[in-house]
Amino acid sequence: MAELLLKERIKSWRASILPKSFYLRRTDKVAEKLLGKVLVRMTPEGVISGLIVEVEAYFGSEDPASRARKGGDLRRTLYGDVGLALVYGIHRQWMLNVVAHTEDEGGAVLFRSLEPLEGLETMREFRRVFKDELLTTGPGRLTKALGINKSFHKKPLYVRDHGLWIEDRGVKLREDEVIRGFRVGVSEDLPTPYRFGVKGSPFISRKF
DNA sequence: CGCCAGATTGACT
DNA sequence: GTCAATCTGGCGG
C-alpha cells in the first residue's frame, strides 16, 4: 500500500480554527471529521503541531468502555459543553479527548495518533526518543510530545487562549481513505467499530 | 484514607 | 510474544 503523508496536502492559507459548533453532532461523525485536522500546541519553546491520523469515539453511559460509567467529574464533563478538552490519566499517561455529542447526549473523541508537523525538535525533547514514528503514535505518546497534562482539562479547544486548539488547513480525505476498526485496549467494546484512521499513514499507532 | 480497575508504554524473553 | 511499572479518579468506610 502506498504511504500517505497528510502534510503534503496542506493548504495552509486556508487555516482556520474549528468552531464550537463543529463538535455538536454525533460523536462518531465528529471523530471521522477530525481526521486530517491539525492539533496545535503553543508553548514557550514555540509551536508544536500534528495532523490527526487516528481517533476513537466514546459515548455516554450506554457505552461499556466509556468513562461516563465511572460517574463523577468524568461523566459530568462527557455530558457537558462540547468542544472542551477532557484529560484524564491512566497508567501514568495523559489521555486527550474532546467532548463532542448531540444535545442531551454524552460523548468524546480520543486522540490516538498524530503525524508530526511542527516543533519536532521540542517533541524529541519532551519524549526523549528520536524516531519520528515514535513521537506521537499513541494516545500517551502524543500528549507527552505536545506537553499536554491535566491542566488542560475542561479548556475549550475552539479558542487559542489556552495554547491548545484544532485547525483546519484544508486537508481533505476521500471516503476510501478512512479505515474503521474496533477500539484499542477496551475490555468490552460495542458491536460497531468506532476507531477511525487514515489509510496508509505511517503514523498509525497499531495495525487496524 | 485504602482499594482497585484501567482508552498504555517500554523493557525484556 | 509476555509483563509490570506506576498513577489517576471514583467510591466505600
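The chains referred to below are lettered A, B, ... by the order of the sequence lines, with proteins before strands, and numbering in each begins at 1.
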K.L.:
With nearest nucleotide decided by heavy atoms, which residue, A:W94 or A:R69, maps closer to the 5′ end of DNA chain C?
P.N.:
A:W94

K.L.:
From NZ of A:K207 over to P of C:dG1, roughly how many Å is that when rounded to an integer?
P.N.:
12 Å

K.L.:
Round to a whole Å and report the spacing from OH of A:Y88 to P of B:dA5.
P.N.:
15 Å

K.L.:
Would you give a per-nucleotide map of nucleotides 8-13 of chain B, 5' to 3', where B means the base has a protein non-hydrogen atom under 4.0 Å away, S means only the sugar-phosphate does, and - means neither?
P.N.:
BSS---

K.L.:
Can a cation-pi geometry be assigned to A:R160 and A:Y158, taking NZ or CZ under 6.0 Å from the six-membered ring centre and within 45° of the ring axis?
P.N.:
no

K.L.:
Where do A:L74 and A:Y88 come nearest, in terms of heavy atoms and distance?
P.N.:
CD2-CB, 3.9 Å

K.L.:
Determine, for A:Y79 and A:R75, whether the Lys NZ or Arg CZ falls below 6.0 Å from the six-membered ring centre while staying within 45 degrees of the axis.
P.N.:
yes

K.L.:
Using a 4.0 Å heavy-atom cut-off, does A:D73 contact any base of the nucleic acid, only the sugar-phosphate backbone, or nothing at all?
P.N.:
sugar-phosphate

K.L.:
What residues form a side chain to side chain contact (heavy atoms under 4.5 Å, CB included) with A:A145, not counting sequence neighbours?
P.N.:
A:M123, A:R127, A:T136

K.L.:
Atom CG of A:N149 to atom C1' of C:dG9: distance rounded to whole Å?
P.N.:
16 Å

K.L.:
Between A:L74 (CG) and C:dC11 (C1'), how many Å, whole number?
P.N.:
13 Å

K.L.:
Considering Watson-Crick and G-U wobble pairs with both distances under 3.5 Å, what does C:dT6 pair with?
P.N.:
none

K.L.:
Separation of A:K70 atom NZ from C:dG10 atom C1', in whole Å?
P.N.:
6 Å

K.L.:
Taking all non-hydrogen atoms of both residues, which atom of A:L6 and which atom of A:I52 are closest, and how far apart?
P.N.:
CD1-O, 4.1 Å

K.L.:
Using side chain to side chain contact (heavy atoms under 4.5 Å, CB included) as the criterion, point out the one residue from A:L142, A:L120, A:L146 that pairs with A:L135.
P.N.:
A:L120

